[in-house]
Amino acid sequence: MKGSRLVPNCKRRHLSKLFSLFQSHRTLHTASVTDYLQVTSDDLENERKGIDFNALFKSCTKLQQVKCAHTLVVVSGRFKDNFLSSKIVNLYSQHGDVSLAWWTFHHLPNKDVYTWNSMAFAYVSHGRFREALGCFNQFFSTSGLRPDFYTFPPVVKACGDLLDGKKIHCLVLKLGFEWDVFVAASLVHMYSRFGLVGDARKLFDDMPARDRGSWNAMISGYCQNGNAAEALDIADEMRLEGVKMDAITVASVLPVCAQVGDILSGKLIHLYVIKYGLEFELFVSNALINMYAKFGSLGHAQKVFGQMVVRDIVSWNSIIAAYEQNNNPVSAHLFFHKMQEARVQPDLLTLVSLASIVAQLNDHQNSRSVHGFVMRKGWFMEYIIIGNAVVDMYAKIGNLDSARAVFGGLLIKDVVSWNTMITGYAQNGLASEAIEVYLLMGEHEEIIPNQGTWVSILPAYSHVGALQQGMRIHGQVIKNCLYSDVFVGTCLIDMYGKCGKLDDAISLFYQVPRKNSVPWNAMISCYGVHGDGEKALELFREMRAERVKPDHITFVSLLSACSHSGLVSDAQWCFNMMEEEYGIKPSLKHYGCMVDLFGRAGELEMAFNFIKKMPIQPDASAWGALLNACRIHGNIELGKHASERLFEVDSENVGYYVLLSNIYANVGKWEGVDDVRSLARDRGLRKNPGWSSIILNNKVDVFYTGNQTHPKCEEIYRELRDLTSKIKTIGYVPDFCFVLQDVEEDEKEHILMGHSERLAIAYGIISTFPKTPIRIFKNLRVCGDCHTVTKFLSIITEREIIVRDSSRFHHFKGGTCSCGDYW
DNA sequence: TTAGGGTTAG
């Protein structure tokens, strides 16, 4: 028999490797691999005598040459030796080859406890818990052997649910292993894992002896259940008992410090880490990076990362996520490149971060690369998290078609998938699509809506002014005890505010926690859109008095509120305070608000000078605000200049062409109107049609300007003609400067009557009981003539009419409007 | 010869 046939399952190359090992040990006198493979079994028998088997085996294991070691065992005929085969099982397991471990294990005729333990441990260490439990059950029921101290800890770890855990616990008690520190620690941890921290604590308290591992098990139990205070307390108790924290203690506690925002404890632990040289532990450094990232201390995170000698995938993911989650996608991307240079293969979580980075950079090209990479890896099938991340990525860059396609293709969807899709639509202004997805979600009973669902759907309902539906969500929120959640509360404030229920918004505002700026911003913005700049300022003063730190959004809301109410000097006060007192550098949005403020107040020169003095390149919002001001105040020359600058920075936005053509039309310069129109046409832009909507009996009716297709069209026009003649008797005179076509006066009056807001209001009047308030929503700004008409309508119909347009609210009552005709 | 307790997540 040839030597090679003795080892049927081992490849020749292992033999040759083995042979070189033999050579290096100088214990085998065969000259070459070929010679060795030619030897017969008799020869081998003789050769074997000359081999120092133990030395060779040790050498193979030391060199991590697992296949050589295996070959050696087989070639030397010792494969029935439990000790050696178990060692091989462990070695294969360490090398990540569980199937070869099982193969070795499986062919052992008389397995002992050590062998079974080794196999179960191999499964556990690769996260194959079900197989580990199966292995244990088979061992317990068929081998006739008694488990030992080493058997239980891995098996306890493998328990997938409380029932399994309790069964194993019973067995431990029956066999009397409960006071082994390793077994007890694993039980403590098992109970914590299933949320029974109290039971875990009882076991821990009853332990007659505790080592550091026992303390760690209890601490991590608390940490993983979010019991931060208890975790930190028991860590302190451990210190008082003279047990020092090790890398594992630190790695458990650091995430808790981050979670509860305890920067001081976090830093003290970091000092401890440095003092005891734990910073070279991979887990510790990784946990430190994550903690500093959560505190927003990117400098510290990067310093820890920079000092690491060995980095693993978690280290790279952590530093990438640190920048990604602190809105620094450029640096995050840089670290991703460095990771590739270091030849570390990205994993699932790398891609989750990368998807967010690509979204933040609005990088359409790379969004497809991310999508493709995930597809090639086949991760969509297995992991919901990456599917959701890709949906989110596409939604954030405004590619809703791709987002929906990926969403539709997800084999399993959880509540986050639905929330992501709803948010995606809502944040891209596609409220009805968001609502459609939300309603579709309701058809899947297994999906339970959560906080994220309310936060995603409420803005969609506010956007379309769907008060009834919004209130229904409010009911659900109360049912789910989420009314004190600051984010849900803020969305409700926003919803009530945007649906014209300012009083409800205010009362809700005083019910939610107000420690951070979020609800304040929402309430200030509500006052702003309702044209009450004074109240917005008053609330801002209250916010300062309560020592709540405003952020950049607070100032955008505040400046815009001032702008809509003509509070020029107050706005200037806020603008200066922003940087001087709070160190917030004004962004383009803030500059845009200021230009808008000066412009609306008729201070066109001030607005223009303000733009000229801006320390950053003015964008479309600044020039657009100036152009709008020129329209309101009829300044053609400056309007022309503003539009030229505007088209340099944004030539795609059709709204600006409309604004410019309005300026010409208002003063009857029809050739100017034609020029602008043809310019827009040449650039392939089409006017965004004006429309208004009204919700009656949960049904949304949308009217486009000049709409002739509504089923009640005739009635609506009849009512409008009737109402128009009535309001003419009390002083209404049509203002033709809002007609942007060069036609006869009769025709102009007809055009005005066909404005979408008027159609919606008339439809509301004929469809509701007398004196019922009417709420309508318009996608563009309300027209000046319609504004006048609505004031008169509020007198003769004795109704409140609430019109929400693209920038604010108009609350008409008894012939006046809440905006005081300033908008 | 084998065991427990540890870091990243939409």
Side-chain angles (χ1 to χ4, degrees), chain A residues 61 82-91 93-94 112-122 124-125 147-157 177 180-190 192-193 200 204 210-224 245-256 258 278 281-291 293-294 304 312-322 324-325 347-353 355-356 359 383-393 395 410 414-417 419-420 423 452:
Chain A
T61 52
N82 273 317
F83 169 74
L84 293 175
S85 286
S86 303
K87 189 89 194 168
I88 300 292
V89 168
N90 290 335
L91 280 172
S93 167
Q94 282 165 25
D112 64 6
V113 188
Y114 173 40
T115 326
W116 284 98
N117 287 351
S118 299
M119 192 59 233
F121 183 67
V124 170
S125 58
D148 65 4
F149 286 105
Y150 297 102
T151 311
F152 285 104
V155 170
V156 172
K157 193 177 178 180
F177 290 126
D180 177 82
V181 275
F182 280 69
V183 176
S186 54
L187 286 170
V188 165
H189 192 252
M190 185 271 294
S192 319
R193 247 191 323 135
F204 176 77
R210 294 182 196 127
D211 67 352
R212 188 159 39 204
S214 328
W215 285 95
N216 285 344
M218 196 59 241
I219 292 173
S220 90
Y222 278 128
C223 293
Q224 288 171 5
M245 296 198 289
D246 67 354
I248 293 181
T249 329
V250 169
S252 308
V253 176
L254 284 174
V256 173
L278 296 176
E281 296 277 349
L282 198 54
F283 275 78
V284 171
S285 297
N286 290 347
L288 279 169
I289 295 171
N290 282 299
M291 180 190 73
K294 293 232 168 72
V304 173
D312 67 353
I313 181 75
V314 179
S315 326
W316 285 102
N317 286 350
S318 302
I319 195 72
I320 291 169
E324 174 253 307
Q325 286 170 4
D347 73 352
L348 186 76
L349 294 186
T350 322
L351 265 289
V352 169
S353 289
S356 165
Y383 309 100
I384 306 182
I385 178 176
I386 189 67
N388 295 347
V390 171
V391 172
D392 190 53
M393 170 190 74
L410 293 180
D414 64 0
V415 65
V416 180
S417 326
N419 294 351
T420 308
T423 310

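Just so we're on the same page: letters track the sequence lines, and every chain starts at 1. Since this is a predicted model, take the numbers as computed values, not measurements.
One can place CZ of A/R212 at 17 Å from P of B/dA3, the figure rounded to the nearest angstrom. Atom CD1 of A/I248 is separated from atom C1' of B/dA3 by 13 Å (rounded to the nearest Å). The nearest whole Å value for the distance from the CZ atom in A/F177 to the P atom in B/dA3 is 16 Å. A straight line from CG of A/D180 to P of B/dA3 spans 13 Å, rounded to a whole angstrom. A straight line from CG of A/D112 to P of B/dT2 spans 14 Å, rounded to a whole angstrom. In this structure, CZ of A/F152 is placed 15 Å from P of B/dG5, rounded to the nearest angstrom. Here B/dT7 presents its C1' atom at 8 Å from CG of A/D312, a figure rounded to the nearest Å. Distance NZ (A/K157) to P (B/dG6): 7 Å, rounded to an integer number of Å.
A/S220 has a side-chain polar atom (N or O) that falls below the 4.0 Å cut-off from OP1 or OP2 of B/dG6. OP1 or OP2 of B/dG6 lies within a sub-4.0 Å distance of a side-chain N or O belonging to A/Q224. Proximity of A/H189 to the phosphate of B/dG4: no side-chain N or O atom is located under 4.0 Å from OP1 or OP2. A sub-4.0 Å separation between OP1 or OP2 of B/dT7 and a side-chain N or O of A/K294 is absent.
Contact annotation for A/Q325: backbone-only contact, meaning every heavy-atom pair under 4.0 Å involves sugar-phosphate atoms and none involves a base. The residue A/E324 sits apart from the nucleic acid: no heavy atom pair falls under 4.0 Å. No contact: A/S86 has no heavy atom under 4.0 Å from any strand. Within the 4.0 angstrom heavy-atom criterion, no nucleotide atom of any strand lies near A/L254. Here A/D246 lies in heavy-atom contact (under 4.0 Å) with a base. As judged by a 4.0 angstrom heavy-atom cut-off over every strand, A/V181 is placed among the base-contacting residues. Residue contacts shown for A/N290 are limited to sugar-phosphate atoms, with no base heavy atom under 4.0 Å away.
Not a single donor-acceptor contact under 3.5 angstrom links the side-chain atoms of A/N286 to the base of B/dG6.
Side-chain proximity of A/A217 to the nucleotides B/dG5, B/dG4, B/dT2 is greatest for B/dG5. For A/S186, counting side-chain heavy atoms from C-beta on, the closest listed nucleotide (B/dG4, B/dT7, B/dT2) is B/dG4. In the set B/dG6, B/dA3, B/dA9, B/dA3 carries the atom at the smallest distance from any side-chain atom of A/P154. Comparing atom distances between the A/F149 side chain and each of B/dG6, B/dT8, B/dA3 picks out B/dA3 as nearest. Residue A/A287 has its side chain nearest to B/dT7 when only B/dT7, B/dA9, B/dT2 are considered.
Residue A/F283 and nucleotide B/dG6 are classified as a stacked aromatic pair, their ring centres being separated by less than 5.5 Å at an interplanar angle below 30°.
Contact check for A/Y222 versus A/S192: no side-chain heavy atoms found under the 4.5 Å cut-off.
For A/D211, the side-chain contact (heavy atoms from CB on, under 4.5 Å) partners at least two apart in sequence or on another chain are A/V181, A/S214. Legend: residues meeting side-chain contact (heavy atoms from CB on, under 4.5 Å) with A/T423, ordered by chain and number and at least two apart, are A/Q427, A/S456.
Remark: the A/N286 side chain and the A/N317 side chain contain no N/O donor-acceptor pair separated by less than 3.5 Å.
Among all heavy-atom pairs drawn from A/M190 and A/V156, the shortest one is CB-CG1, 3.6 Å.
Here CE of A/M393 is found 12.5 Å from OG1 of A/T420. Values are rounded to the nearest 0.5 Å.
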